[in-house]
Amino acid sequence: MSRAASTTADRDELEPSRDHGRPEPKRINVAVSPETVKALQTVMDREGVSLTEAVRRLVGFGDFLYQAAKVEGAQVLVKQGDTTREIVLI
């Protein structure tokens, strides 16, 4: 499949549905590292959510941080007590 065809297919899959006015969910299969599995399991255990919801939450957090740091050029800081650390995304 050519790159143009792939781009068109991807765009078609994200078009708003006729029923809801928002993109339909897309099922994907991905291979993840053991560290990612551990992070997902932590969210599942602490929050009492499904694997799918844990993925959604972590991707949402990642997207928020990515947009702030990489797109908007914001400084991302984590403050815990009297300690403040800067988060640097590579």
Side-chain angles (χ1 to χ4, degrees):
M1 180 183 300
S2 73
R3 181 178 173 136
S6 175
T7 303
T8 302
D10 293 345
R11 187 173 37 239
D12 290 344
E13 292 171 2
L14 296 176
E15 286 183 1
S17 70
R18 291 184 177 102
D19 299 330
H20 303 31
R22 61 182 172 175
E24 290 287 329
K26 179 177 169 133
R27 181 174 299 274
I28 61 172
N29 294 314
V30 295
V32 297
S33 68
E35 294 82 8
T36 301
V37 171
K38 184 177 176 185
L40 290 164
Q41 190 65 54
T42 297
V43 173
M44 291 167 60
D45 293 344
R46 291 183 59 93
E47 304 293 326
V49 297
S50 67
L51 174 60
T52 299
E53 183 59 24
V55 169
R56 287 181 184 132
R57 290 180 185 194
L58 289 180
V59 168
F61 283 127
D63 182 51
F64 174 81
L65 291 173
Y66 182 85
Q67 290 295 324
K70 292 291 192 171
V71 175
E72 299 169 13
Q75 188 177 30
V76 179
L77 305 173
V78 174
K79 184 173 182 175
Q80 186 174 17
D82 293 336
T83 304
T84 302
R85 297 180 293 146
E86 180 178 8
I87 305 300
V88 178
L89 301 181
I90 299 173

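Only this structure's heavy atoms are used, side chains among them; waters, hydrogens and symmetry mates stay out.
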Item to check | Pairs meeting criterion salt bridge (charged side-chain N to carboxylate O under 4.0 Å, His left out) with involvement of residues 48-69, two or more places apart | outcome: E47-R57, E53-R56, E53-R57
Item to check | Connected hydrophobic set around M44, excluding itself, where side chains approach under 4.5 Å | outcome: L40, V43, V49, L51, V55, L58, V59, F61
Sequence neighbours excluded and cut-off under 3.5 Å, please list the side-chain donor-acceptor pairs for residues 70-90, or say none.
{"residue": "K70", "atom": "NZ", "partner": "L89", "partner atom": "O", "Å": "3.2"}

Checklist entry - Which pairs count as side-chain hydrogen bond (donor to acceptor under 3.5 Å, both in side chains) when at least one residue sits in residues 30-44, sequence neighbours excluded? => result S33-E35, S33-T36, Q41-D45
